[in-house]
Participant: 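Handing you this structure, nothing more for now.
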Number of protein chains: 2
Amino acid sequence: MEQHKIPQATAKRLPLYYRYLNNLQHQGKTRVSSQELSDAVKVDSATIRRDFSYFGALGKKGYGYNVEYLLHFFRETLDQDELTEVALIGVGNLGTAFLKYNFLKNNNTKIVMAFDRDANKVGTKIGGVPVYHIDDLEEKIGDIHVAILTIPASEAETMTERLVENGIEGILNFTPARITVPSHVRVHHIDLAVELQALVYFLKHYPLDNEKGNKKE
Amino acid sequence: MEQHKIPQATAKRLPLYYRYLNNLQHQGKTRVSSQELSDAVKVDSATIRRDFSYFGALGKKGYGYNVEYLLHFFRETLDQDELTEVALIGVGNLGTAFLKYNFLKNNNTKIVMAFDRDANKVGTKIGGVPVYHIDDLEEKIGDIHVAILTIPASEAETMTERLVENGIEGILNFTPARITVPSHVRVHHIDLAVELQALVYFLKHYPLDNEKGNKKE
DNA sequence: ATCCTTTTGTGAATGATCTCACTAAAAACT
DNA sequence: AGTTTTTAGTGAGATCATTCACAAAAGGAT
């Protein structure tokens with residue numbers, strides 16, 4: 001592939017830039033400087049310029065960046081136009097939150113089906129997304145390769161095996177379980193309890209007071 | 001304070017270690033090696049040893065770590081015994097998920113109140129947590145210093161100002177808005193859309209090697 | 001056209017984190 | 001008791017990421 005040189009830290013910020021640029025375009029703005037962008041997304045302006053520079057010279061000195069051009073460029077780079085279909089496993093409160101979240105507004109991902117074992121949910125649509133019984137996973141999943149896992153931790157490991165057997169290659173794991181997967185499967189963990197604990201720990205042990213911005217993640 | 005030398009990356013992993021050690025204790029295990037821990041939490045064993053080493057020599061060579069001792073030590077270091085009270089702002093699906101999540105099982109944080117403006121929710125209890133009207137924030141919040149923000153992005157900025165005026169110093173922000181805060185306030189962003197997009201981007205551009213586990217068919 | 005201002009793109013410095021690879025100590029075994 | 005095995009702790013280097021600071025290019029003004 002072409003751009004193996006983009007740092008992962010940069011890649012993680014791209015969706016953020018993309019979304020804000022979209023906002024700008026809707027507001028009718030045609031140009032933006034790294035400094036303006038910095039104020040909005042809370043990332044150092046030098047970091048933003050560095051991030052963009054991995055894709056070549058996208059801006060003009062003394063002018064900034066053309067919003068439309070940047071968006072057009074990102075659309076291709078981020079594969080924004082190529083829709084990635086996603087399955088959601090577990091329609092509890094967290095799962096429902098995802099289903100009702102309008103990912104499509106700025107994004108390249110769409111949850112196209114959900115699975116649960118609760119008979120009250122199976123057969124309904126939530127946020128426009130059909131909910132199937134988990135027993136029908138094999139039958140329904142088709143060639144979806146990304147799954148969001150919002151089930152109890154106790155079921156995470158067996159469900160993961162089943163997902164992987166059925167072609168899933170990327171898992172956004174919201175369970176506290178650190179699941180085991182073959183080496184070709186990518187897992188991103190988002191552990192709500194850990195995030196909250198980490199925030200509290202930082203509050204107690206890393207007083208900030210006279211720093212400038214604040215950090216993410 | 002005492003240990004300002006602990007890297008932030010280490011601090012973020014502590015809750016993870018802590019939770020797994022708790023599991024081990026419940027299973028009756030008395031010792032654990034960095035390698036076992038590594039397999040379980042998916043962090044390189046050298047990183048784990050390095051992490052622990054910031055707190056001094058907690059293990060024994062040729063033996064590993066004593067689970068109980070480690071837990072006892074972490075309890076103090078992580079302030080596990082000192083409960084941090086948290087307020088939740090916005091009782092939608094995501095907020096409800098938090099309220100029903102039993103943070104107390106292994107943790108040092110507790111959501112003690114929630115706020116919303118929906119009359120159907122105000123006055124009820126969800127997951128044992130009372131829901132107050134958002135207009136009563138000033139009256140009810142007491143000296144809580146940590147808030148979880150699960151409201152629509154459009155309300156994030158004004159709500160943040162209000163929270164900060166009322167003594168909040170740490171915000172776990174689930175809205176896509178990059179909120180602006182004074183320098184003494186710490187914000188951690190968790191942006192669900194960005195996380196999903198980043199996962200998809202990595203899947204497409206950073207292929208994982210599948211040399212040893214050939215699971216393709 | 002000329003000068004001044006803005007703002008990019010980037011070399012280099014710095015900072016942060018991770019991992020290798022080895023030492024030494026304790027445990028386990030014979 | 002002596003030998004082998006296990007495993008923590010860590011120096012040093014590798015890798016990754018951020019930030020400084022400035023030259024050069026382009027815009028804007030007159």
Side-chain angles (χ1 to χ4, degrees), chain A residues 3-14 16-17 21 24 29-67 69-70 73-74 198 201-202 205-206 208 210-217, chain B residues 3-14 16-17 21 24 29-71 73-74 198 201-202 205-206 209:
Chain A
Q3 334 114 337
H4 274 254
K5 305 303 297 292
I6 298 165
Q8 304 215 354
T10 296
K12 280 199 207 163
R13 286 187 291 264
L14 294 182
L16 196 59
Y17 299 149
L21 289 168
L24 284 182
K29 288 206 71 170
T30 61
R31 61 183 271 195
V32 66
S33 69
S34 60
Q35 189 51 60
E36 278 175 81
L37 220 47
S38 172
D39 294 340
V41 300
K42 311 280 191 270
V43 172
D44 187 275
S45 68
T47 300
I48 292 177
R49 294 198 299 281
R50 174 80 59 195
D51 283 347
F52 288 179
S53 78
Y54 292 114
F55 301 99
L58 302 179
K60 278 186 191 167
K61 299 183 179 189
Y63 174 88
Y65 300 89
N66 180 287
V67 173
Y69 177 70
L70 215 48
F73 184 86
F74 274 22
Y201 184 83
F202 281 136
H205 295 85
Y206 296 77
L208 10 102
N210 45 7
E211 287 170 27
K212 26 182 180 163
N214 44 59
K215 263 217 66 183
K216 200 250 145 176
E217 245 174 321
Chain B
Q3 332 113 335
H4 276 241
K5 306 300 295 294
I6 299 166
Q8 303 214 356
T10 296
K12 280 199 213 160
R13 286 187 289 264
L14 294 183
L16 197 60
Y17 299 149
L21 288 169
L24 285 182
K29 287 206 70 170
T30 62
R31 61 182 272 195
V32 66
S33 69
S34 61
Q35 189 51 58
E36 277 175 83
L37 219 47
S38 172
D39 294 340
V41 300
K42 311 281 191 267
V43 172
D44 186 274
S45 67
T47 300
I48 292 177
R49 293 198 299 280
R50 174 81 59 196
D51 283 346
F52 289 179
S53 78
Y54 292 114
F55 300 101
L58 302 179
K60 277 188 193 166
K61 299 183 178 186
Y63 174 89
Y65 300 90
N66 180 287
V67 173
E68 192 136 8
Y69 177 71
L70 216 48
L71 269 174
F73 185 87
F74 274 22
Y201 184 82
F202 281 133
H205 295 85
Y206 296 76
D209 49 64

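Because only heavy atoms are used, hydrogens play no part in the values below, and waters and symmetry mates are left out as well, while side chains stay in.
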Participant: Would you say a side-chain N or O of A:Y54 is under 4.0 Å from OP1 or OP2 of D:dC16?
Facilitator: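 For D:dC16, OP1/OP2 do not have a side-chain N/O of A:Y54 under 4.0 Å.
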
Participant: Write down the distance between CD (B:Q35) and P (D:dA8), rounded to a whole number of angstrom.
Facilitator: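 Answer to the nearest Å: 9 Å.
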
Participant: Heavy atoms only: give me the nearest B:R31-B:E36 pair and the separation to one decimal.
Facilitator: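 B:R31 and B:E36 have their closest heavy atoms at O-OE2, 4.5 Å.
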
Participant: Does B:S34 have a side-chain nitrogen or oxygen under 4.0 Å from the phosphate oxygens OP1 or OP2 of D:dA8?
Facilitator: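 Yes, because at least one side-chain N or O of B:S34 sits under 4.0 Å from OP1 or OP2 of D:dA8.
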
Participant: Quick check against the 3.5 Å criterion: does B:S38 have a side-chain atom that pairs as donor or acceptor with the backbone of B:V43?
Facilitator: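 Indeed, once roles are kept as given, a pair shorter than 3.5 Å links the two residues.
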
Participant: Would you call the rings of B:Y206 and B:F202 parallel, tilted or perpendicular if under 30° counts as parallel and over 60° as perpendicular?
Facilitator: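 Rings of B:Y206 and B:F202: perpendicular, over 60°.
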
Participant: Is B:V67 close to B:T30 at the side-chain level, that is, under 4.5 Å between some pair of heavy atoms?
Facilitator: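 With C-beta onward as the side chain, the pair stays apart.
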
Participant: For the pair made of CD1 in A:I48 and P in C:dT7, what is the distance, rounded to whole Å?
Facilitator: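 Taking CD1 of A:I48 and P of C:dT7, I get 14 Å after rounding.
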
Participant: Measure the spacing between CG of B:D51 and CG of B:L14 and express it to the nearest 0.5 Å.
Facilitator: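 Going from CG on B:D51 over to CG on B:L14, the span is 7.0 Å.
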
Participant: What nucleotide, of C:dT17, D:dA17, D:dT18, holds the atom closest to the side chain of B:A9?
Facilitator: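 Nearest listed nucleotide: C:dT17.
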
Participant: Over how many whole Å does the gap from A:L70 atom CG to C:dT8 atom C1' extend?
Facilitator: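 About 13 Å, once rounded to whole Å.
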
Participant: Roughly, in whole Å, what's the span from CG in A:L14 to P in D:dA17?
Facilitator: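 Going from CG in A:L14 over to P in D:dA17 covers 12 Å.
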
Participant: How many whole angstroms separate atom CD of A:Q8 from atom P of C:dC18?
Facilitator: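 These atoms are roughly 12 Å apart.
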
Participant: Just the rounded figure in Å: distance from P of C:dT8 to OH of A:Y69.
Facilitator: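 One finds 15 Å between P of C:dT8 and OH of A:Y69, rounded.
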
Participant: Could you grab the distance from atom CZ of B:F55 to atom CG of B:L70, nearest 0.5 Å is fine?
Facilitator: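 Here the interatomic distance stands at 10.0 Å.
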
Participant: A:F52 and A:F74: ring pair (Phe, Tyr, Trp, His ring centres under 6.0 Å), yes or no, with the steps?
Facilitator: CA-CA 10 Å; A:F52 288 179; A:F74 274 22; 5.6 Å; yes

Participant: Might you list the N or O atoms of the protein lying below 3.5 Å from N or O atoms in nucleotides 19-26 of chain C, with each pair's distance?
Facilitator:
residue, atom, partner, partner atom, Å
C:dT19, OP2, B:T47, OG1, 3.3
C:dT19, O4, B:R50, NE, 3.3
C:dT19, O4, B:R50, NH2, 2.7
C:dA21, N6, B:R49, NH2, 3.4
C:dA26, O4', B:K61, O, 3.2

Participant: Between P on D:dA17 and CG on A:D51, what's the gap in Å once rounded to a whole number?
Facilitator: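 Checked: the CG to P distance equals 10 Å.
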
Participant: Please give, in whole Å, the distance from C:dT10 P to A:F52 CZ?
Facilitator: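 After rounding, the gap between these two atoms is 14 Å.
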
